[in-house]
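Working notes for the structure below.
Values below: every heavy atom of this structure, side chains too, minus hydrogens, waters and symmetry copies.
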Amino acid sequence: MSDQQPNTIYLKDYRVPDFLIDSVALRFELDEEETLVKATLSMRRNPESNLRNAPLVLHGDKSLELKRICMNGQAVPESEYRVTDDSLTIDVVPDSFELGTLVRIQPQLNTALEGLYKSGGAFCTQCEAEGFRRITYYLDRPDVMSLFTTTIVADPARYPVLLSNGNLIDVGVTEDGRKVVTWEDPFKKPAYLFALVAGDLSSITDTFTTASGRDVKLEIYADAKDHDKLSYAMDSLKRSMRWDEEVYGREYDLDIYMIVAVDFFNMGAMENKGLNIFNTSCVLASQKTSTDLAFQRVEAVVAHEYFHNWSGNRVTCRDWFQLSLKEGFTVFRDAEFSADMNSRTVKRIEDVALLRTAQFAEDAGPMSHAVRPESFIEISNFYTLTVYEKGAEVVRMIHTLLGAELFRKGTDLYFDRHDGQAVTTDDFLAAMEAASGRDLSQFKRWYSQAGTPVVHVNDSWDESQGVYTIHFKQSCPATPGQTEKLPFHMPIVYGLLDETGEELRNGLFELTESEQSLTFEGLTSRPVPSLLRGFSAPVKLRFDYSDAQLLLMMEHDTDGFNRWEAGQRYLMNKLQAGIAGEQVAPSDALISAWQSLMSDTSLDEAMLAKLLTLPTEAYLSEEASVIDVDAIHNTRRGFVQALGRALAPSWQAVYMRCQATEAYAPSAEQVARRSLKNLALSYLVAAEVDGAVELAQHQFNNADNMTDQQAALTILVHSSDKGAAADALASFRSQWQDEALVINNWLAIQAGDPTEGALDRVKALESDPLFDAKNPNKLRSLVGAFAGANPIQFHAMDGSGYRYLADWIITLNTQNPQIAARMLAPLTRWKRYPESRQVMMRAELERIMAVETLSPDVYEVVSKSLV
């Protein structure tokens, strides 16, 4: 690689900006070959800066071609300013002034999809985190908040829809017939929240009346072919707006709220003030083309971006080290919304499953960092599960410690104190302390200490005194840059069960010391402790439960999460023994318990589906000291087959019981029934029960919704009947070739096929005209799914999977560095595997590192992985 290494940025080096921008007027002249951006900035020196004679240094990018620069209406001579690949510097400026620039950019050549670019035939923007500097010269940092006025000029035939932040204040026509619109945002915002969209788009409209009686216009835009897939997003938006008013007292503040769906997008969605830009996968939804999970994702992401209007926009982060201030808080908010809209227990199970597989793995890897990182090279690499999901868990713990009433009092105070400001996680905690009277100084360690804490638990029972004691011991492994960890302040929600499953005690224990005990008196028998209910802290809990205790909790625990957790722990014990080489099979006790569960029609079917699902290969890998890919895959698959055979009549009964009797709806009840039905079908086909493949084929051919059709397709692809799988794949492609999101799933299903020849099939799909290597959704669906969701084939013993991913990273390094860095994750965990695989994985990382022009995004991930 190049000898010049990217600079590291440190939180400790933060200082206030030398200048402020009170207002900015932007004018975009959009054309097919080039775009001209005129910026007029009203600037002044920051009174809080100690550098009174500092030069003006604006962020920029090598893609900007500076055409003109003037100050207070006068041209600035070339001798008085300097332009580099990433900045514009003027050494001498007055204390207050108006700076004007004109730059030329070429959005149609922007494959990085940051700044202004084209998605299909539409212009759109993505400015978080530092994309605005690809649009014009500016102070592109979140603590510089300005009032924006945006004028867009374009050919009305090609781009009849011209959108930006705020409220529309003017529409006109130029002398040569071009359309001109002007948008004004009355709220100060940092540049990362700027948005622009120009295209020939279809839309649906609605209105929402706020609690105070104000009418807000709602608009959702997409390509005309997707017009019929927008209504669910609109319904989700209105539910989100009402929920935020009822739960947090937050009303929307502009006259209009807009969402635009684009196909080329590096992330899920972006909360730009008043004009959210979404990946199509997070907006479009219909019965025929979307699964139940897709409906739920649309609802969750629409809510997440809307909730950012307060937790992220009205109050934003001072610097990017504080990213979880807005993201962790908002993920917590959207999780609570989804829990209220659907099954609270199932939502909690799904969130924890993601945390314990992907985020815990991140904590244990080379990119491990605190929720509030101390340094970074490329901020895009820190849009991580640690910042988002673990950040949300930190907020959840505050909610648990304070209770709902005091937590709401704290959020009210936070929003009131800091409206219109760029603040820190310390400011958030200070508001919680002031509202509750609690001291959260030790709790702050959750923001500054990296890694997943481990809580070892044992108990003692004094039968003569009726005294039961639980002993806790917490620790946290060393992580890069942090070898020693101080004790965390963690809430442990608990219950005690007797031998019949009756609940004896429950409460909240606050673990603050390295070692601490909790004692109960007046008991007549030794209880079973139900610990960490609701997963009340993001830790690894180690307690030596017996099989009998776990089965008791699985059947009787009053906490839904711990009921599921007990079943998972029981299954983990069996699977881990099999991975270690023991001969294991489902016990009579397990089969009996599952038969009882399946015959109990009073149980919530979504919860039942979770109880009857084995721990994933990803979770088994995360719990292993050394990841034996083959043993994990073979043991789990063998256990699935054994459970399918042993319980075949029960699975068949469940499958028939869950057949639809009403018209399709993405309701919680129907989603639950379909999830249980398709789980039953997967067990039957995996066990090769007579007629099971035919049952899957019948479901595939006759399904009236995408959930059932795609589930049947996946099950057939993973079956031993490759003829049936090939027929279904061909039929599915033919049926849905015009639906991009459906084809993404078609690609991902094949990439995840664990049978021999997977890599050859994946490479063949690269030549399919439905695959587009410049589209992030397609890359994630094919390359990302193969590397991240098909461990048995990605980790092939000849190293072919590693070479394949490394080849793609090298290609994407110049095409789209952000996507390249994110897709690197499977290689970065090379130290977790046996030595034979370590050698090959490390060799591919070294090959990437040797690339001459390595982007900062990829350099940071690879260099940290090789340490």
Side-chain angles (χ1 to χ4, degrees), residues 291 567 571 574-575 578 583-601 603 605 608-617 633-661 672-732 735 746 749-750 752-758 761 792:
T291 64
L571 292 166
K574 304 304 177 189
L575 292 169
Q583 292 294 321
V584 294
S587 65
D588 291 342
L590 176 64
I591 291 171
S592 176
W594 277 28
Q595 283 176 327
S596 177
L597 289 170
M598 282 191 273
S599 63
D600 186 351
T601 56
L603 286 175
E605 286 156 328
L608 180 56
K610 295 297 181 185
L611 287 169
L612 300 176
T613 300
L614 293 187
T616 64
E617 290 185 36
H633 176 77
N634 294 330
T635 300
R636 186 184 186 278
R637 183 168 180 79
F639 217 78
V640 167
Q641 292 171 334
L643 285 167
R645 288 190 293 269
L647 293 163
S650 296
W651 291 124
Q652 290 167 330
V654 165
Y655 183 82
M656 298 308 299
R657 187 178 84 211
C658 291
Q659 294 299 315
T661 58
R673 198 177 312 133
R674 282 188 289 273
S675 67
L676 182 58
K677 176 184 71 175
N678 289 317
L679 178 70
L681 182 60
S682 71
Y683 274 104
L684 290 168
V685 173
E688 300 183 357
V689 173
D690 287 345
V693 168
E694 290 74 16
L695 196 62
Q697 289 175 309
H698 182 270
Q699 177 172 307
F700 174 83
N701 291 323
N702 295 280
D704 68 348
N705 63 85
M706 183 53 66
T707 301
D708 283 344
Q709 188 181 31
Q710 187 173 302
L713 177 63
T714 304
I715 289 166
L716 287 169
V717 168
H718 285 238
S719 75
S720 59
D721 191 331
K722 291 307 170 187
D727 290 344
L729 284 168
S731 173
F732 195 82
Q735 182 180 1
W746 178 77
I749 289 168
Q750 294 174 85
D753 179 0
T755 57
E756 289 295 325
R761 292 190 293 271
I792 191 66

- [ ] Decide side-chain contact (heavy atoms from CB on, under 4.5 Å) for Leu614 and Leu643; before the verdict, give the C-alpha distance in whole Å, the side-chain angles of both, and the deciding distance to 0.1 Å.
- [x] CA-CA 10 Å; Leu614 293 187; Leu643 285 167; 3.9 Å; yes
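For the pair Lys610 (side chain) and Glu605 (backbone), a donor-acceptor distance under 3.5 Å is absent. A donor-acceptor contact shorter than 3.5 Å is absent between the side chain of Ser731 and the backbone of Asp727. Side chain of Tyr683 to main chain of Leu647: no donor-acceptor pair is present (N/O by atom type, distance under 3.5 Å, no hydrogens or angles).
Thr291 meets the side-chain contact (heavy atoms from CB on, under 4.5 Å) test with Leu293, Ala294, Met706, Thr707, Gln710; sequence neighbours excluded. Taking Gln697 as the reference, nothing meets the side chain to side chain donor-acceptor pair (under 3.5 Å) condition, with sequence neighbours excluded. Residues passing the side chain to side chain donor-acceptor pair (under 3.5 Å) test with Arg761, sequence neighbours excluded: Asp753, Thr755. With sequence neighbours left out, Asp708 forms a salt bridge (charged side-chain N to carboxylate O under 4.0 Å, His left out) with Lys677. The side chain to side chain donor-acceptor pair (under 3.5 Å) test applied to Gln735 returns Gln709, not counting sequence neighbours. Scanning for side chain to side chain donor-acceptor pair (under 3.5 Å) contacts around Arg673 gives Glu662, with sequence neighbours left out. With sequence neighbours left out, the side-chain contact (heavy atoms from CB on, under 4.5 Å) criterion links Ser720 to Glu688. For Asp721, the side-chain contact (heavy atoms from CB on, under 4.5 Å) partners are Val693, Ser719, Ala724, not counting sequence neighbours.
Pairs passing the side-chain hydrogen bond (donor to acceptor under 3.5 Å, both in side chains) check and including a residue from residues 642-653, sequence neighbours excluded, do not occur. The salt bridge (Lys or Arg N to Asp or Glu O under 4.0 Å) contacts involving residues 589-598 comprise nothing, where partners must be two or more places apart or lie in separate chains. Pairs of residues two or more places apart, or lying in two chains, never qualify as ring pair (Phe, Tyr, Trp, His ring centres under 6.0 Å) while including a residue from residues 691-731.
In Asp600, the CG atom is crowded: over 12 heavy atoms of neighbouring residues, nucleotides or ligands sit closer than 6.0 Å.
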Cut-off 3.5 Å, no hydrogens considered: what does the side-chain donor-acceptor table look like for residues 583-597, sequence neighbours left out?
residue : atom : partner : partner atom : Å
Ser587  : OG   : Tyr570  : OH           : 2.6
Ser587  : OG   : Leu590  : N            : 3.1

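Among all heavy-atom pairs drawn from Ala725 and Val717, the shortest one is CB-CA, 3.8 Å. Heavy-atom minimum distance, Leu713 versus Ala728: CD1-CB, 3.6 Å. Closest of all the heavy-atom pairs between Ala712 and Ala696 is CB-O, 3.5 Å.
Residues Leu679 and Leu608 are not in side-chain contact: their nearest non-hydrogen atoms beyond the backbone lie 4.5 Å or more apart. No side-chain heavy atom of Leu695 sits under 4.5 Å from any side-chain heavy atom of Val689. The side-chain heavy atoms of Thr635 and Phe639, taken from C-beta on, include no pair separated by under 4.5 Å.
The CG atom of Leu611 sits 7.5 Å away from atom CG of Leu603, with the distance rounded to the nearest 0.5 Å. If you take CG on Leu681 and CZ on Arg674, they are separated by 14.5 Å, rounding to the nearest 0.5 Å. Considering OH of Tyr655 and CD of Gln699, their distance stands at 3.5 Å, rounded to 0.5 Å.
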